[in-house]
Amino acid sequence: MMRTHYTSEITSEDAGKEVVLAGWLHEVRDLGGILFLLLRDREGIAQITIVTKKSDPELVNKARKIPRESVIVVRGSVKAEPKAPNGYEILPTHIDVLSKAESPLPLDPTGKVGADLDTRLDVRFMDTRSPRTFSIFAVRHHVMLATREFLTEKGFIEITTPKIVAAATEGGTALFPLSYFDREAFLNQSPQLFKQMMMAGGFDRVFEIGPIFRAEEHDTTRHLNEATSIDIEQSFVTHHDVMGLLEELVAYVYEKVSERCERNLRTLNIELDIPKTPFVKITYDEAIEIARDVEPSLEWGEDLTTAAEKRIGEEIGEHYFIVDWPTSIKPYYSMPYGDKPEICKSFDLMHPKMELASGAQRIHEYGLLKKRIEEQGLNPDSFDFYLQAFRYGMPPHAGWGMGVERLLMTMLDLKNIRECILFPRDRRRVAP
RNA sequence: GUCCGGAUGGUGUAGGGGCCGAGCAUAGAGCCCUGUCGAGGCUCUGACCCGGGUUCGAAUCCCGGUCCGGGCGCCA
């Protein structure tokens, strides 16, 4: 290791110790007789102080010439100093420039001058140097870690399923075609079919965190063409059981993030309210009723518009479920109610600002599933690989899928979903 | 896809027919400065998206294109 400490690992109590810090030259303040260099690493910023008259002229000269954002290693002793930012400063004996930064910089990581999201995404490697952007991804990591902990604790087994597939999963959404040797294939829109097949496979409880691809030409602040989904499937349970699991998971993730990401949340200026469980449940019928305030022409059997979702979100004001959707607007694998087949055992998890997840009790009976595929205008033959799993002992099961970026976006109150993914793929952007 | 708005130094912006030889901030170069913490002061460098048109005159108005932002749709 080239460094002995992160900047955050030093306090005024380390006075007198020799340390080696490594990072980027965040800022230089040259006051003439005294020179302050700010060294930034991913955990924070440390002040390097050089009193010019008392220091080696060569070191002073060298320090004055380093361009901002160059990668430097500083060896020196810690001095307790109430006037310094974190209560300590480093009196350097050696400063090495490992990689000199060109100037001007494509954006300003100190954040003094703003940059458009588009500019930031073009030079994401530099954007993530800013403590704010870095914090978003530190939180993202903890969202995914907490999810894995929670689901593992609940007996779920993590699986990975193919992203290259032969046929559409659900119909509905558009897929990206690609050439697979001499055949056409697609990028998968969801692990749905595979996780269900593993219920027949005896896994009982599975989850996957992975990319999903949608070829829709949507162009909004809450859609991506490549997103990350947390998907679960569980056997011998009902949709009510997996809704319970989902709300517990969301609350757990919020709780762990607020415990483990204190500094990041402070950087982002976010005060996390841990959602209270159980979440409110309203039926689709009730949702339509509320939505008619703003969408009087909304008919039963139609999907909710953006304005409708907003109106209902305002009304409820916290996380909630919309349950019992019309069978016709949900995927074919959703289980219709036996006594009322026009509605099904499906649900959406909503944040007041947008949809986060959707799921259902699944059809586990071969004949009904095949019939539903046909009714939705799809060809059962292309689902043979899937349907087969329902013919030799398929337990009743339920599950859901939740968008990681949307969870993070609503948690951190970010205005654009592109903030939540390092290298977003959208209608226009395929690089970097 | 559609509607609205926009494109000015590296970055973020002001200016909406002549006042623009384009203002400001920040960054960069240089000088001064011993406690900065958005350090400060002085000097300098650096820009009107592309193509047509209107006009004596276009950064500014019109047309086309490209790119970008927001809303809606589609969608999760």
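Treat the numbers as computed from the prediction; the structure is a model and nothing was measured. Residue numbers begin at 1 in each chain, while the letters A, B, ... track the order of the sequences.
Note on residues 103-116 of chain A: pairs passing side-chain hydrogen bond (donor to acceptor under 3.5 Å, both in side chains), not counting sequence neighbours, are A:Glu27-A:Lys112, A:Arg68-A:Asp108, A:Asp108-A:Thr110. Applying the ring-ring contact (aromatic ring centres under 6.0 Å, His included) definition to pairs two or more places apart or across chains, those involving residues 130-151 of chain A are A:Phe150-A:Tyr252. Pairs passing the side-chain hydrogen bond (donor to acceptor under 3.5 Å, both in side chains) check and including a residue from residues 412-425 of chain A, sequence neighbours excluded, read A:Arg120-A:Glu419, A:Lys353-A:Asp413, A:Asp413-A:Lys415, A:Asn416-A:Arg418, A:Arg418-A:Asp426.
Residue contacts shown for A:Ala357 are absent, as no nucleic acid heavy atom lies under 4.0 Å away. A:Gly114 comes within contact range of the sugar-phosphate backbone alone, with a heavy-atom separation under 4.0 Å but no base atom that close. Counting any heavy atom pair closer than 4.0 Å across all strands shown, A:Thr119 reaches sugar-phosphate atoms only and no base atom. Within 4.0 Å (heavy atoms only), A:Glu89 reaches at least one base atom of the nucleic acid. Among the protein residues, A:Arg427 comes within range of the sugar-phosphate backbone only, with heavy atoms under 4.0 Å from sugar or phosphate atoms but none that close to a base.
A donor-acceptor distance shorter than 3.5 angstrom exists from the side chain of A:Glu81 to the backbone of A:Lys83, with no hydrogens or angles considered. Side chain of A:Gln189 to main chain of A:Ala174: no donor-acceptor pair is present (N/O by atom type, distance under 3.5 Å, no hydrogens or angles). In this structure, the side chain of A:Asp56 engages the main chain of A:Glu58 through a donor-acceptor pair within 3.5 Å. Side chain of A:Lys195 to main chain of A:Trp400: a donor-acceptor pair is present (N/O by atom type, distance under 3.5 Å, no hydrogens or angles).
Distance noted for atom P between B:C61 and B:G10: 23 Å (whole Å). Comparing the C1' positions of B:G23 and B:G15 gives a spacing of 8 Å, expressed to the nearest Å. Using P as the reference atom, B:G5 and B:A58 are 25 Å apart when rounded to the nearest Å. The P atoms of B:G70 and B:G30 are separated by 40 Å, rounded to the nearest whole Å.
Under 4.0 Å is where a charged nitrogen must lie from a carboxylate oxygen, and between A:Glu289 and A:Arg292 at least one such pair does. A salt bridge between A:Glu233 and A:Arg205 is absent, with no side-chain N of the basic residue lying under 4.0 Å from a carboxylate O of the acidic one.
Under 3.5 Å, the side chains of A:Gln196 and A:Tyr333 contain no donor-acceptor pair of N or O atoms.
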Got a list of protein N/O to nucleotides 40-47 of chain B N/O distances below 3.5 Å?
none

Show me the protein contacts with nucleotides 27-31 of chain B, counting only N or O atoms at under 3.5 Å.
| unit_1 | atom_1 | unit_2 | atom_2 | d |
| --- | --- | --- | --- | --- |
| B:A27 | O3' | A:Arg68 | NH1 | 3.2 |

What nitrogen or oxygen pairs link the protein and nucleotides 70-73 of chain B at under 3.5 Å?
| unit_1 | atom_1 | unit_2 | atom_2 | d |
| --- | --- | --- | --- | --- |
| B:G70 | OP1 | A:Asn416 | ND2 | 3.2 |
| B:C72 | OP1 | A:Lys310 | NZ | 2.9 |
| B:C72 | N4 | A:Asp219 | O | 3.3 |
| B:G73 | OP1 | A:Thr306 | N | 3.4 |
| B:G73 | OP2 | A:Thr306 | OG1 | 2.3 |
| B:G73 | O6 | A:Asp219 | N | 3.1 |

Shorter than 3.5 Å, N or O on both sides, protein versus nucleotides 66-68 of chain B: list them out with atom names.
| unit_1 | atom_1 | unit_2 | atom_2 | d |
| --- | --- | --- | --- | --- |
| B:C68 | OP2 | A:Arg428 | NE | 2.8 |

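Within residues 266-283 of chain A, no residue has any heavy atom closer than 4.0 Å to RNA chain B. Non-hydrogen atoms lying under 4.0 Å from RNA chain B are contributed by A:Leu31, A:Gly32, A:Gly33, A:Ile34, A:Phe36, all within residues 31-44 of chain A.
Partners of A:His26 under the side-chain hydrogen bond (donor to acceptor under 3.5 Å, both in side chains) rule, at least two apart in sequence or in another chain, are A:Arg40. Considering only residues two or more places apart in sequence or on other chains, A:Ser135 meets the side-chain hydrogen bond (donor to acceptor under 3.5 Å, both in side chains) condition with A:Asn264.
Consecutive Watson-Crick or G-U pairs involving RNA chain B, each under 3.5 Å on both distances, make up stems of three or more pairs at B:1-7 with B:66-72, B:10-13 with B:23-26, B:28-32 with B:40-44, B:49-53 with B:61-65.
For the pair A:Glu69 CD and B:U26 C1', the interatomic distance rounds to 14 Å; values are reported in whole Å. Atoms CD (A:Glu81) and C1' (B:G35) sit 8 Å apart, rounded to a whole Å. The distance between atom NZ of A:Lys54 and atom P of B:G35, rounded to the nearest whole Å, is 12 Å.
Between A:Phe390 and A:His397, the ring-plane angle classifies as tilted under the 30° and 60° cut-offs. Between A:Phe321 and A:Phe347, the ring planes are perpendicular. Angles over 60° get that label, and only those under 30° would be called parallel. Note on ring orientation: taking the six-membered ring where Trp is involved, the planes of A:His239 and A:Tyr337 are perpendicular (angle over 60°, cut-offs 30° and 60°).
Toward the 5' end of RNA chain B, the nearer of the two residues A:Asp426 and A:Pro106, judged by each one's closest nucleotide, is A:Pro106. Residues A:Thr52 and A:Pro82 each lie close to RNA chain B; by heavy-atom proximity, the contact nearer the 5' end of the strand is made by A:Thr52.
Heavy atoms only, all atoms of each residue included: A:Lys163 and A:Phe213 are closest at CB-CE1, 4.2 Å.
Here A:Thr110 does not reach the OP1 or OP2 of B:U26: none of its side-chain N or O atoms lies under 4.0 Å away.
Distance from the side chain of A:Lys83 is smallest for B:G35 among the nucleotides B:U11, B:G35, B:C74.
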